[in-house]
Amino acid sequence: MNIFRLLGDLSHLVAIIILLLKIWKTRSCAGISGKSQILFAIVYTTRYLDLFTTYVSTYNTFMKLVFIMTSIVTIFLMNAKFKATYDHNHDTFRIEFLILPALVLALLINNEFTIIEVLWTFSIYLESVAILPQLFLVSKTGEAESITSHYLFALGSYRGLYLLNWVYRYYAEDHYDLIAIVAGLVQTILYCDFFYLYITKVLKGKKLQLPA
Amino acid sequence: YHVLAKHDEL
């Protein structure tokens with residue numbers, strides 16, 4: 001565990017807490033893509049199947065369980081409790097266009113052709129693009145509440161910090177995983193446009209509004 | 001350089 005990895009995990013955790021607090025406090029999931037949330041739930045459940053096969057550390061097990069459980073709670077809040085506030089009309093991204101290619105790619109390019117490893121690889125590929133329905137929703141409505149922007153910033157920062165962690169591990173531990181690194185790069189690049197708007201607008205107290 | 005058999009990250 002190095003500082004980049006720890007900050008990355010904390011950033012991920014903060015993102016999830018911000019999202020749940022936003023939904024709970026405002027009693028609304030307006031502006032949040034239920035499709036991205038479904039993709040994240042698929043990502044965590046397929047990646048953390050190794051909870052049954054491998055023990056890494058108490059920290060690792062705890063975080064995995066938190067990610068799986070909070071993603072399910074989020075889906076429940078969006079599709080049951082606060083369903084009336086869910087922005088169906090704008091959340092129209094076709095997630096099968098992300099799931100199927102991620103699955104095919106995982107079957108073709110993986111470290112080992114076993115069920116658990118292919119599902120792990122699938123989850124890595126799917127996570128790299130899972131935010132697209134959310135970014136699509138923001139671009140369709142043309143704006144995002146600042147709390148949603150903070151959520152996206154924390155969520156985007158997490159994989160960016162992991163990139164630094166992988167650079168560190170390459171030199172310090174002779175460890176690297178090309179699949180995770182390439183997917184992590186793609187994932188972080190997808191946020192770049194948002195990061196730019198966040199820094200130039202939201203941090204200066206303005207609303208995140210896309211140029212017309 | 002090697003790839004770890006088990007995934008120790010999240």
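Per chain, numbering begins at 1; letters A, B, ... match sequence-line order. Just so you know, these numbers use all the heavy atoms, side chains as well, and skip hydrogens, waters and symmetry mates.
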Residue pair Glu9(B) / Asn165(A), side-chain heavy-atom distance below 4.5 Å: yes
Over 12 non-hydrogen atoms of neighbours within 6.0 angstrom of OH in Tyr55(A): yes
Over 12 foreign heavy atoms within 6.0 Å of CG, Leu108(A): yes
Over 12 non-hydrogen atoms of neighbours within 6.0 angstrom of OH in Tyr168(A): no
Over all atoms of both residues, closest heavy-atom pair of Leu10(B) and Asn60(A): CD2-O, 3.9 Å
From Asp8(B) atom CG to Arg169(A) atom CZ, the distance as rounded to the nearest 0.5 Å: 4.0 Å
Which of Tyr162(A), Tyr158(A), Tyr48(A), Phe67(A) touches chain B most, by non-hydrogen pairs under 4.5 Å: Tyr162(A)
Minimum side-chain heavy-atom gap Glu117(A)-His7(B) below 4.5 Å: yes
